[in-house]
There are 4 protein chains.
Amino acid sequence: MEVPPRRPGRPRDEGAAQAILTATMELMAEVGFAGVTVDAVAQRAGVGKATIYRRWQSKERLVLDAISASTEPAPVPDTGSVAGDLREIYGRMAESLSQPESRSLLMAMVAQATVDDLVRDLLAALVSQRKEVSQAVLRRGIAEGALPADADLDLLIDLLGGAVVYRTCIAGHPVDPKTVDRIVATVLAGAAGR
Amino acid sequence: MEVPPRRPGRPRDEGAAQAILTATMELMAEVGFAGVTVDAVAQRAGVGKATIYRRWQSKERLVLDAISASTEPAPVPDTGSVAGDLREIYGRMAESLSQPESRSLLMAMVAQATVDDLVRDLLAALVSQRKEVSQAVLRRGIAEGALPADADLDLLIDLLGGAVVYRTCIAGHPVDPKTVDRIVATVLAGAAGR
Amino acid sequence: MEVPPRRPGRPRDEGAAQAILTATMELMAEVGFAGVTVDAVAQRAGVGKATIYRRWQSKERLVLDAISASTEPAPVPDTGSVAGDLREIYGRMAESLSQPESRSLLMAMVAQATVDDLVRDLLAALVSQRKEVSQAVLRRGIAEGALPADADLDLLIDLLGGAVVYRTCIAGHPVDPKTVDRIVATVLAGAAGR
Amino acid sequence: MEVPPRRPGRPRDEGAAQAILTATMELMAEVGFAGVTVDAVAQRAGVGKATIYRRWQSKERLVLDAISASTEPAPVPDTGSVAGDLREIYGRMAESLSQPESRSLLMAMVAQATVDDLVRDLLAALVSQRKEVSQAVLRRGIAEGALPADADLDLLIDLLGGAVVYRTCIAGHPVDPKTVDRIVATVLAGAAGR
DNA sequence: TACTAAACGAGACGGTACGTCTTGTCTTGAC
DNA sequence: GTCAAGACAAGACGTACCGTCTCGTTTAGTA
């Protein structure tokens, strides 16, 4: 029998939280990650600063929360083949990272994750969704005989995601569909051939 | 006939530049990337702020310069086999990224690179050194017949580096020598099998 | 046929009003006039802020009300002589103002009175009590022939009260009984000799 | 040989201090004592907030300093008689206190003086100027035989100043020249008659 | 030996954002 | 309709940092 933990006093306005997150994302798009200001967020959301700080410890937390709140989960693909499904998943990932804003957001989060454990958890949660989808696809591949039964799924996923991230964000080259093809093909070959 | 571009006036104190870079790296280790303050750097280096800004346009540039100045080039390995050489290169990389500070630095640079082109160039330069070494190793592998002649070396390098970075920084798992083994083996198998 | 003006709803808790006034005076003594906070008063009185604002328009009004509520009227002296009675009245006044808190309160009220007419009225009410007592004493002096019939009583009272206030609060010197003596003697001489 | 204790670093801009004080007084006149804002002062003075806080500990100190800086010393009167001189001095004082702003300022200072010793000192300094002038006048009166040699000058001054302050600020009545006449006459009579 | 020009340590400057605090109002469910 | 609790909009507070600017001093090369 779940007891609703009703606290006394006026309850927090959920609309305010939503307005704050929306205003944050808008500002992020307009002036960039570093240009976001708590005062500006408050003004645009029509909210006092205290209302923001009552919910988030700092500007960073707010921004990160806004990001995760505005990230919708990726769909599970079904193209009929393991390679096709993976191309779908990581092609979408590459496309997303081709936008400077998405790239900037991901990288800022990764940077902050090295310092802030909560950010790390948030990042892990964001990533794990893709991971699970990929795992499902790869397991299907094992079931279909396209991959050996003892394939190290986590390793394959890190190779796929890593190649896209590394090429896009660190090497600084775009990842077009053709490149995704080659990445997927090479990784699947590596999984099979070992 | 090289004309020494000797300007009039007191020459810049090279010791100051060194002290500034050292102080910057020390502070970076102590308080992290975002916690570094120009005033603190100046004080620790026993230097006026103007002396810093005379040499670097901004705090970011200073920090990046300090990083690149304190990064020594990796040696070219020669273990007798392609797999062994790659294990050497990327084992070293994994080891470096296992330290939170190195991880934090790399990620902060990547984050900034999405905004600042010069940072992107610096990052590319830091990365390209490992890339060249890896290319040399892989070409040797082609020559020895361990790899097909038409192997896409850049792709293989992105797979190797990406797997290490992704697992360490994004997935948040450590990469031990055994994992490096598996990464290298899978990538080489993928290169051979396609 | 008195109709009891019983309003609907829960009646106001008179204990709350008293608790608020008490808490206000306590805080005033602890952190001074400017340091008093509505939230602190509410917390100490165990009362919601709305309960305060339902009774007083603003923090200032509350504080002033608390002051006037805690000020008991001075007794009318009767020592047998005009000078003795005046020494009694203004000796008491000097004693009160020798306490920093009383001084602070009076001065804060005076300062606020220049801005807020209601404060001015309250202050006037507080002062007028002493004024009336003094007038009675001085009139008795006229009746006894100790003072000329055309003495300007208001002027004499302002001289007496002013000397005490000025010396205590502005000049910053204490006013001991001996000084009160001299003040009273000089003013009475002035009244007689003119 | 006085050695100027020149500190290293850029010296403080005296013009800035002056601009800050001027802006403070202007704002005080426009929006009143409580309405003065540090940001507004900074903006009007064309100055950063840090420049203000480098010189004054708090808003209160700034305001008080601005007041004392904008208070010019009163001239020494010479009308030929003690009574005339005193009428001059305290008529001027009454005139000043007839302005609500001056009254408010003085009272605010007095209120703060009960808490802050530095304000007390400042207030004492402001008051002592008039005191010295009054003393000179009264001593001249003794020399001329208009006052007894053993007159308590400090007491007389407190009576004079006190009457003006009390009537103006506490009783809340204006003090016109005629009233000043009566105050002076009564005090002088008191001094003579005792 | 002077003079000139630039770099130096120190620190003040204008500006801007931060996170905290307070005020007076509003909104819950309980009484 | 009041109560305690506490969220709300507004906005001032005092701090921190950035990148620039002045000081008076120091260090070189030039006259």
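Below, all heavy atoms of this structure are taken into account, side chains as well, without hydrogens, waters or symmetry copies. All chains are named by letter (A, B, ...) in the order of the sequence lines, taking the proteins before the strands, and each is independently numbered beginning at 1.
For the atom pair CD of A:Glu60 and CG of A:Asp65, the computed distance is 12.5 Å after rounding to the nearest 0.5 Å. Taken to the nearest 0.5 Å, the CG atom of B:Asp121 stands 12.0 Å off from the OG atom of B:Ser68.
Looking at residues two or more places apart in sequence or on another chain, you find no side chain to side chain donor-acceptor pair (under 3.5 Å) involving C:Arg55. Applying the side chain to side chain donor-acceptor pair (under 3.5 Å) criterion to A:Thr51, with sequence neighbours excluded, gives no partner residue. Residues that satisfy the side chain to side chain contact (heavy atoms under 4.5 Å, CB included) test with C:Asp39, not counting sequence neighbours, are C:Thr37, C:Lys49.
Nearest-nucleotide positions on DNA chain E for C:Tyr53 and A:Ala40 put A:Ala40 closer to the 5' end. Comparing A:Asp13 and C:Asp13 against DNA chain F, the residue whose closest nucleotide sits nearer the 5' end is C:Asp13.
Here E:dT16 presents its C1' atom at 14 Å from CD1 of D:Ile52, a figure rounded to the nearest Å. Separating the CH2 atom of D:Trp56 from the C1' atom of E:dA12 is a distance of 14 Å, rounded to the nearest angstrom. If you take CD of B:Glu60 and C1' of F:dG19, they are 11 Å apart, rounded to a whole angstrom. One atom, CG of C:Leu62, and another, C1' of E:dG24, lie 13 Å apart when rounded to the nearest Å. Nucleotide E:dC18 holds its C1' atom 16 Å from the CZ atom of A:Arg61, rounded to whole Å. Atom pair D:Glu14:CD and E:dA12:C1' shows a separation of 12 Å (rounding to whole Å applied). Atom-to-atom, CZ of A:Arg12 to P of F:dA9 comes out at 12 Å; the value is rounded to the nearest Å.
Listed pair C:Arg55 / F:dC3 meets the phosphate criterion, a side-chain N or O lying under 4.0 Å from OP1 or OP2. The side chain of B:Arg54 contributes an N or O atom lying less than 4.0 Å from OP1 or OP2 of E:dC8. In this model, the phosphate group of E:dG9 is approached by a side-chain N or O of B:Thr51 to a distance below 4.0 Å at OP1 or OP2.
A 4.5 Å side-chain heavy-atom check between D:Val63 and D:Trp56 finds every atom pair outside the cut-off. Two residues are said to be in side-chain contact when any heavy atoms from C-beta on lie closer than 4.5 Å; A:Leu123 and A:Leu106 meet this criterion. For the pair B:Leu62 and B:Tyr53, the minimum side-chain heavy-atom distance is 4.5 Å or more.
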Measure all distances between protein nitrogen or oxygen atoms and nitrogen or oxygen atoms of nucleotides 10-12 of chain F, and list the pairs falling under 3.5 Å.
none

Considering only distance and modelled atom types, tabulate donor-acceptor pairs under 3.5 Å from the side chains of residues 11-34 of chain B, sequence neighbours left out.
residue : atom : partner : partner atom : Å
B:Arg12 : NH1  : B:Arg54 : O            : 3.4
B:Asp13 : OD1  : B:Gly15 : N            : 2.8
B:Asp13 : OD1  : B:Ala16 : N            : 3.4
B:Thr22 : OG1  : B:Gln18 : O            : 2.9
B:Thr24 : OG1  : B:Ile20 : O            : 2.7
B:Glu26 : OE1  : B:Arg44 : NH1          : 2.8
B:Glu30 : OE1  : B:Arg44 : NH2          : 3.0
B:Glu30 : OE2  : B:Arg44 : NH1          : 2.9

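In this model, no side-chain donor or acceptor of B:Arg10 finds a partner on the base of E:dC8 within 3.5 Å.
In the helix from E:dT1-F:dA31 to E:dC31-F:dG1, the end axes, each obtained as the rotation axis mapping the C1' atoms of four pairs onto the next four within a five-pair block, lie 10° apart to the nearest 10 degrees.
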